[in-house]
There are 2 protein chains.
Amino acid sequence: MGRKSDMPKLGAEPIRKAALINATIFEVGRAGSLDVTVAQIARRAGMSPALAHHYFGSKDQMFLAAMRYILRIYGDSVRESLPGRGTRGRLNAIIRASFAPVNFQRETVSAWLNFYALALTSPEAARLLRVYHRRLRSNLLVALRGLTDDPGRVADTLGALIDGVYLRAVLTPGPTDAAAAQQVIETYLNEALA
Amino acid sequence: MGRKSDMPKLGAEPIRKAALINATIFEVGRAGSLDVTVAQIARRAGMSPALAHHYFGSKDQMFLAAMRYILRIYGDSVRESLPGRGTRGRLNAIIRASFAPVNFQRETVSAWLNFYALALTSPEAARLLRVYHRRLRSNLLVALRGLTDDPGRVADTLGALIDGVYLRAVLTPGPTDAAAAQQVIETYLNEALA
DNA sequence: TCGTTAATTGATCAACCAATCAAGAACAGG
DNA sequence: CCTGTTCTTGATTGGTTGATCAATTAACGA
């Protein structure tokens with residue numbers, strides 16, 4: 001039988017790292033700030049602060065790993081729902097993925113935003129963000145082909161609008177309303193592609 | 001005669017406070033983070049850290065005062081350019097004010113964003129932000145009256161779009177391009193009000 | 001002139017925290 | 001068993017920082 005409580009000895013590295021990344025996102029989202037101590041994160045992940053340093057080397061590396069993770073999760077959820085048929089279907093798939101529960105949970109969005117702020121300071125974080133922006137734009141451009149005569153502008157507007165909606169979602173008290181957010185985006189699209 | 005340069009002894013409070021607020025915005029914008037020390041801010045404002053504490057009591061109060069200031073500056077610049085004639089003129093005035101140089105300098109936008117993040121933590125900051133959102137929305141609703149049959153949705157979209165454009169402006173390397181930003185907004189308006 | 005009030009700072013404290021290290025505990029292979 | 005490797009942590013440290021306080025200087029009013 002697979003036990004859990006007594007065998008975490010060998011091959012622990014990937015499990016520990018994953019636990020730390022999850023804990024980082026959770027704590028950053030919860031605190032609404034990057035001002036979380038390594039001790040907090042480690043405790044949440046069920047280990048000592050020293051072990052966290054052992055696996056990640058530094059707090060910054062932990063943040064970057066967490067950022068890579070949420071960006072990858074987002075990329076995956078887009079890719080998963082991408083085979084939407086037809087150009088307009090493809091477009092809707094991207095939107096839908098952006099506001100899928102995984103990407104729109106309050107803690108996730110809060111962490112996301114704080115990692116944005118990190119990009120103002122850390123070149124590595126800025127690089128990650130550029131990659132994400134480039135991919136999103138590229139995906140949007142493909143999906144918009146044929147639907148408008150200025151795909152570049154619409155893609156830019158759409159990107160900014162998505163970010164803005166995220167921002168407001170996390171800043172508005174109460175539960176986040178993914179459906180309403182999605183509606184805003186789709187209504188814009190209907191107008192822009194008329 | 002009222003002199004200025006040789007009597008800086010009494011009545012220093014307002015001058016010092018203003019200097020500290022400016023220094024706070026500048027340093028927060030420069031660092032791209034709220035992780036600036038009171039010593040940094042005080043030095044930039046030309047005084048000792050102790051004096052900063054003397055006038056503001058705490059670092060948080062300094063941040064809140066700075067946030068109030070940038071929000072007020074923004075409100076003023078909107079109100080100033082508001083008497084635009086005609087409904088559409090009024091709308092353009094709000095947009096123009098949002099992207100006026102004062103409000104779109106890199107340091108200002110960066111500070112703005114970091115104060116947004118502060119609202120995730122500080123109830124007082126959240127309150128200030130709500131006031132700003134409410135006012136912007138109210139202004140937009142008035143300006144949109146008669147131009148669309150769903151002013152509420154357009155106002156929401158517009159607000160999110162403005163925030164998103166700000167976000168991208170500060171995250172994109174290189175100088176901020178206010179004209180391009182404004183163009184994105186106005187193109188959206190032309191589509192939405194068609 | 002004297003006392004009161006505002007302005008200003010150096011010195012200092014107490015807290016916090018990221019990072020290091022040495023050492024212990026558990027396991028695999030021989 | 002014995003040995004080396006992985007895993008794990010308590011203890012420590014070096015540095016930073018928000019905040020306090022006593023003391024000094026300068027202005028103002030009576």
Side-chain angles (χ1 to χ4, degrees), chain A residues 1-24 27-28 30-67 114 118 121-122 124-125, chain B residues 1-24 27-28 30-67 114 118 121-122 124-125:
Chain A
M1 285 288 117
R3 292 129 310 136
K4 259 194 176 162
S5 44
D6 57 356
M7 68 106 209
K9 276 309 147 189
L10 215 74
E13 176 156 352
I15 291 104
R16 295 285 177 175
K17 278 194 168 180
L20 281 169
I21 287 175
N22 273 338
T24 302
E27 286 294 321
V28 168
R30 202 177 90 95
S33 150
L34 295 180
D35 254 320
V36 288
T37 69
V38 175
Q40 266 172 34
I41 297 170
R43 189 164 0 111
R44 166 83 45 190
M47 71 194 79
S48 74
L51 195 56
H53 273 98
H54 173 69
Y55 281 125
F56 279 105
S58 80
K59 194 180 165 180
D60 287 315
Q61 288 303 316
M62 256 167 77
F63 281 159
L64 290 177
M67 194 166 169
N114 280 106
L118 183 63
T121 308
S122 154
E124 181 67 5
Chain B
M1 284 286 117
R3 292 130 311 135
K4 258 194 177 164
S5 45
D6 56 357
M7 64 109 211
K9 275 309 147 189
L10 214 73
E13 176 157 350
I15 291 104
R16 295 287 182 180
K17 277 193 168 181
L20 281 169
I21 287 175
N22 274 337
T24 301
E27 287 293 321
V28 168
R30 202 176 89 95
S33 149
L34 294 179
D35 252 321
V36 288
T37 69
V38 176
Q40 268 172 31
I41 297 170
R43 189 165 358 112
R44 166 84 42 190
M47 71 194 79
S48 73
L51 194 56
H53 272 98
H54 173 69
Y55 281 126
F56 279 103
S58 79
K59 193 181 166 182
D60 286 316
Q61 290 300 318
M62 256 168 77
F63 281 158
L64 289 177
M67 194 167 168
N114 280 107
L118 184 62
T121 308
S122 156
E124 181 68 7

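Proteins get letters first, then strands, A, B, ... in listed order; numbering begins at 1 in each.
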Can you name the closest pair of heavy atoms from B:Gly32 and B:Asn114 and give their distance? C-OD1, 3.4 Å
Find the distance B:Phe56:CZ to D:dG18:P and express it as a whole number of Å. 15 Å
Taking only the side-chain nitrogens and oxygens of B:Arg16, find out if one of them lies under 4.0 Å from OP1 or OP2 of C:dA6. no
When the distance from CD1 of A:Ile15 to P of D:dT6 is rounded to whole Å, what number comes out? 15 Å
So do the side chains of B:Ile41 and B:Arg44 get within less than 4.5 Å of each other, counting heavy atoms only? no
Please give, in whole Å, the distance from C:dT9 P to B:Leu20 CG? 11 Å
Looking only at side-chain N and O atoms, does B:Tyr55 come under 4.0 Å of OP1 or OP2 in C:dA7? yes
Looking at every heavy atom in both B:Ser58 and B:His53, which two are closest together, and how far apart are they? CA-CD2, 4.2 Å
Check the distance between C:dA26's P and A:Glu13's CD and give it to me in whole angstrom. 21 Å
Just how far, in rounded Å, is P of C:dT9 from CE of B:Met47? 8 Å
Between CG of A:Leu51 and P of C:dA26 the distance, given in whole Å, is 16 Å
Rounded to the nearest angstrom, tell me the gap between atom CD in B:Gln61 and atom P in D:dG18. 15 Å
In the structure I gave you, are the side-chain heavy atoms of A:Glu27 and A:Arg30 within less than 4.5 Å of one another anywhere? yes
Contact string for nucleotides 10-22 of chain C, one letter per nucleotide 5' to 3', B = base within protein heavy-atom range under 4.0 Å, S = sugar-phosphate only, - = neither, reads B------SSBBB-
Has the side chain of B:Lys17 got a donor or acceptor atom that lies under 3.5 Å from a matching backbone atom of B:Phe56? no
Are side-chain heavy atoms of A:Ser122 and A:Leu64 found at a separation under 4.5 Å? yes
